[in-house]
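All of these numbers come straight from a predicted model, not from anything done at the bench.
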Amino acid sequence: MEAAAIGSQSPLSFPSSLCKAKVSSGLPICNVKISSNRRLEVVCHGMLATRKFMQRKRKEEVFKDAADEAEQKNWRRMMREIEERGSAVSILKTQRSGKEPLPRDVILGTLVRFKQLKKWNIVSEILEWLRTQHWWDFTEMDFLMLVTAYGKLGDFSRAERVLKYMNKKGYHPSVISQTGLMEAYGRGKQYRKAEAVFRRMQTSGPEPSPVTYQIILKSLVEGDKYKEAEAIFEDLLNEKRASFKPDQKMFHMMIYMYKKSGDYAQARKLFAQISERGIPLSTVTFNSLMSFETDYKEVSSIYDQMQRAGLKPDVVSYSLLIKAYGKARREEEALAVFEEMLDAGVRPTRKSYNILLDAFAISGLVDEANTVFKAMRRHRVEPDLCSYTTMVLAYVNASDMNGAEKFFRRIKEDGLKPNVVVYGTLMKGYSKLNNVEKVMRVYERMRIQGVEPNQTIYTTIMDVHGRNSDFGNAVIWFKEMEARGYPPDQKAKNILLSLAKTPEEQQEANELVRNGAVQLEVKPYNEEVDDADEHEITQTDSGNHRLLDDTLARNHVNGRIRTGNYTFDEDEDDDDDYEEEDGEEFNFVSFKDKREPVSNPE
């Protein structure tokens, strides 16, 4: 009777009222397994079914005439070649007919498209080439776009050089050029110089725009210059003479700053001020609040608040909720939210797939993780190294090291190069099995491939020696860690102290620990480290802000300059590391339409 009752339920049924009310996929149960600890595991091969909106439909194209068709198809072919090669000039040269100049529409269309794609290296390459071409009139607009490109690339040396040349040519400093230089310093980690440019704009002009404030706040926050960022924000908040007040994006950045510094109370206080000041709440506002909550119940509550406010969740909203459920080892809820995202017509990104993969990998649910991995390719999302590493982790957490090794070999077969995280995941699996020999073999394989170990690798080696009560080797690797410049963490110290049995060993261990670097806050040796936490630490390359920061509101609010026959706006710092690029091809005509002459230039 009990089995029949379980089988009659939806595979996505669970106590959470949030997902229970919204999921109606009715997927068939293909196989139900009940493990020895009575945990219900559902393997549903019908999950993550392809929705209609995910199926690529070939649109019927309409061209003005045969010449227009040939022109557009040639331009698209050229764009594909540039993207594949990662360089533009050599391909643009082949488009010229003898000594005839390239059509202006082709050049401008190419620049605008790569600006939209945020391929700033290609934008700068094209503009530098155009500076040397006698047939191209290199205007102030071109210089401003070049400075902006170098700003996005963090190449402050070239930005300085271009501004120096512009000054010689008699161009006055503009908000775009100075903001570009400031951003170049910020991205180049020259935070003092970035702030100096900003302060000079405040005192001598040109007056900073909202975009300038957005960028300086982001630069300072990323450089951990919290006091400086807070001072700038507070000044703007209290400045009565300012022509504008902090906007939604500035509030989002400051909320992130307080989250990053661990001051969650201040972050929540700032969130409340957004409504008090009449600034419209957006999906991104709620995403910013969700991003620093660690309890899935809190994240779910904020998600509900967002929907009650009449706002639609985006891919980041869903991903944050999936991540919260995954971290809590509530993989069924995580899957349900993902299905809800698909039903809502929101296209998943590679990162959202990886988050769902991680939810299953944490609990060692290999079959479900494999289903997600296969769904990625079915949905035309190519798995990256993080995806493969997460699959290896799933096998490791299932104590299936044969499966982990097979998937490790697949990484190379599929043309990717394993990094220290992948090797560390394998070593962790063997360490849990107390297999010193296999751990050291993986370590040797890693070194042969030229991959440098990190702190986690050394701690894992110490861990396996600790599990085998080998004080001598634990000491050797403790010293090796220090010699390589990695301060031993608390787990490594606890391993050493726990292994010391004799008075001589205890004395040696105490001396090594006392002489070690500052202790880090991690779980003690005899307490199992959460694979989810460790996996996340090694996978993310710049913290949770990657998920949220670059999906902040994108309102081009200031700095528009019009010259010649096309416009160039001061570019917001809206680089999007989370969303995937739109797969649809752009119509060349759409660029022409945006470059009509402006009758009343500002």
Show your reasoning for whether ring pair (Phe, Tyr, Trp, His ring centres under 6.0 Å) applies to Tyr213 and Phe244.
CA-CA 11 Å; Tyr213 276 93; Phe244 56 87; 5.6 Å; yes
Could you measure the distance from the [atom1] atom of [X] to the [atom2] atom of [Y]? Nearest 0.5 Å is fine.
X: Ile279; Y: His252; atom1: CD1; atom2: NE2; answer: 8.5 Å
X: Glu125; Y: Ile82; atom1: CD; atom2: CD1; answer: 8.5 Å
X: Leu321; Y: Ile302; atom1: CG; atom2: CD1; answer: 10.5 Å
X: Thr283; Y: Leu311; atom1: OG1; atom2: CG; answer: 4.5 Å
X: Glu230; Y: Ser261; atom1: CD; atom2: OG; answer: 8.5 Å
X: Ile322; Y: Leu357; atom1: CD1; atom2: CG; answer: 11.0 Å

[Y] and [X], any side-chain heavy atoms less than 4.5 Å apart:
X: Ser288; Y: Tyr256; value: no
X: Met254; Y: Met257; value: yes
X: Val112; Y: Gln116; value: yes
X: Tyr226; Y: Asp263; value: no
X: Asp314; Y: Val346; value: no
X: Pro208; Y: Gln178; value: no
X: Thr148; Y: Trp120; value: yes
X: Val315; Y: Arg347; value: no

Phe286 ring center near Tyr303 ring center (under 6.0 Å):
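No - the distance between ring centres of Phe286 and Tyr303 does not fall below the 6.0 Å cut-off.
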Kindly say whether the aromatic ring centers of Phe251 and Phe233 come within a distance under 6.0 Å.
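So the answer is yes for these two rings.
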I would like to know whether Met376 and Arg350 meet side chain to side chain contact (heavy atoms under 4.5 Å, CB included); could you show each step before the answer?
CA-CA 8 Å; Met376 292 179 73; Arg350 182 184 291 110; 4.0 Å; yes
Quick one, Ser209 with Thr212, criterion side chain to side chain donor-acceptor pair (under 3.5 Å). Give me CA distance, side-chain angles, the key distance, then yes/no.
CA-CA 5 Å; Ser209 70; Thr212 311; 3.1 Å; yes
Return yes when atom CZ of Arg377 has more than 12 non-hydrogen atoms of other residues, nucleotides or ligands closer than 6.0 Å, and no otherwise.
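Counting neighbours around CZ of Arg377, more than 12 heavy atoms of other residues, nucleotides or ligands fall under 6.0 Å, so yes.
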Is a side-chain donor or acceptor of [X] paired with a backbone partner of [Y] at a separation under 3.5 angstrom?
X: Asn454; Y: Ile457; answer: yes
X: Lys260; Y: Val221; answer: yes
X: Ser352; Y: Pro348; answer: no
X: Gln455; Y: Pro487; answer: yes

Write down the atom of [X], the atom of [Y], and the distance for their closest heavy-atom approach.
X: Met250; Y: Pro210; result: CE-O, 3.5 Å
X: Tyr191; Y: Gly186; result: CE2-O, 3.5 Å
X: Ser275; Y: Leu281; result: OG-CD1, 3.5 Å
X: Lys115; Y: Val123; result: N-CG2, 3.8 Å
X: Leu270; Y: Ile255; result: CD2-N, 3.8 Å
X: Met201; Y: Thr179; result: CE-OG1, 3.9 Å

For a salt bridge (charged side-chain N to carboxylate O under 4.0 Å, His left out) check, start with the C-alpha distance between Lys323 and Asp358, then their side-chain angles and the critical distance, and finish with the verdict.
CA-CA 8 Å; Lys323 181 179 179 181; Asp358 198 55; over 6 Å; no
Using 30° and 60° as the class boundaries, would you call the ring planes of Tyr353 and His379 parallel, tilted or perpendicular?
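The arrangement is tilted - the two ring planes meet at 30° to 60°.
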Does the side chain of Gln202 pick up a donor-acceptor pair with the side chain of Asp235 at under 3.5 Å?
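No pair is found: no donor N or O on one side chain lies under 3.5 Å from an acceptor on the other.
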Ignoring hydrogens and geometry beyond distance, is a side-chain donor-acceptor pair present between Ser387 and Thr390 at under 3.5 Å?
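Short answer, no.
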Between [Y] and [X], is there a salt bridge with N-O shorter than 4.0 Å?
X: Lys152; Y: Glu183; result: yes
X: Glu452; Y: Arg447; result: yes
X: Arg187; Y: Asp155; result: no
X: Glu84; Y: Arg80; result: no
X: Glu195; Y: Arg200; result: no

Consider side chain to side chain donor-acceptor pair (under 3.5 Å). Of Ser282, Ser317, Ser319, which one does Asn287 pass it with?
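The passing option is Ser317.
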Identify every side-chain donor-acceptor pair in residues 416-424 under 3.5 Å, counting partners at least two apart or on other chains, and give the distances.
unit_1: Asn419; atom_1: OD1; unit_2: Val421; atom_2: N; d: 3.1
unit_1: Asn419; atom_1: OD1; unit_2: Val422; atom_2: N; d: 3.1

Assess whether side chain to side chain contact (heavy atoms under 4.5 Å, CB included) is satisfied between Glu83 and Leu117, documenting all intermediate values.
CA-CA 10 Å; Glu83 286 200 77; Leu117 293 174; 4.0 Å; yes
List the steps and the verdict of side chain to side chain contact (heavy atoms under 4.5 Å, CB included) for Arg277 and Lys245.
CA-CA 10 Å; Arg277 292 180 172 272; Lys245 291 294 181 183; 5.5 Å; no
Mark yes or no: Arg104 above the aromatic ring of Trp136, with NZ or CZ under 6.0 Å from the six-membered ring centre and no more than 45 degrees from the axis.
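Relative to the ring axis of Trp136, which defines the angle, Arg104 lies inside both limits.
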With salt bridge (charged side-chain N to carboxylate O under 4.0 Å, His left out) as the criterion, how do Arg268 and Glu293 come out once you've worked through the C-alpha distance, each side chain's angles and the decisive distance to 0.1 Å?
CA-CA 11 Å; Arg268 293 187 183 94; Glu293 295 291 353; 2.9 Å; yes
Determine, step by step, whether Leu146 and Ser124 satisfy the side chain to side chain contact (heavy atoms under 4.5 Å, CB included) criterion, reporting the C-alpha distance in whole Å, the side-chain angles of both residues, the deciding distance to 0.1 Å, and the verdict.
CA-CA 6 Å; Leu146 184 56; Ser124 63; 4.0 Å; yes
Stepwise ring pair (Phe, Tyr, Trp, His ring centres under 6.0 Å) test for Phe143 and Phe138:
CA-CA 8 Å; Phe143 279 115; Phe138 206 87; 4.7 Å; yes
Going by the side-chain hydrogen bond (donor to acceptor under 3.5 Å, both in side chains) test, which pairs reach into residues 159-173, not counting sequence neighbours?
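Qualifying pairs: Glu128-Arg161, Glu160-Tyr185.
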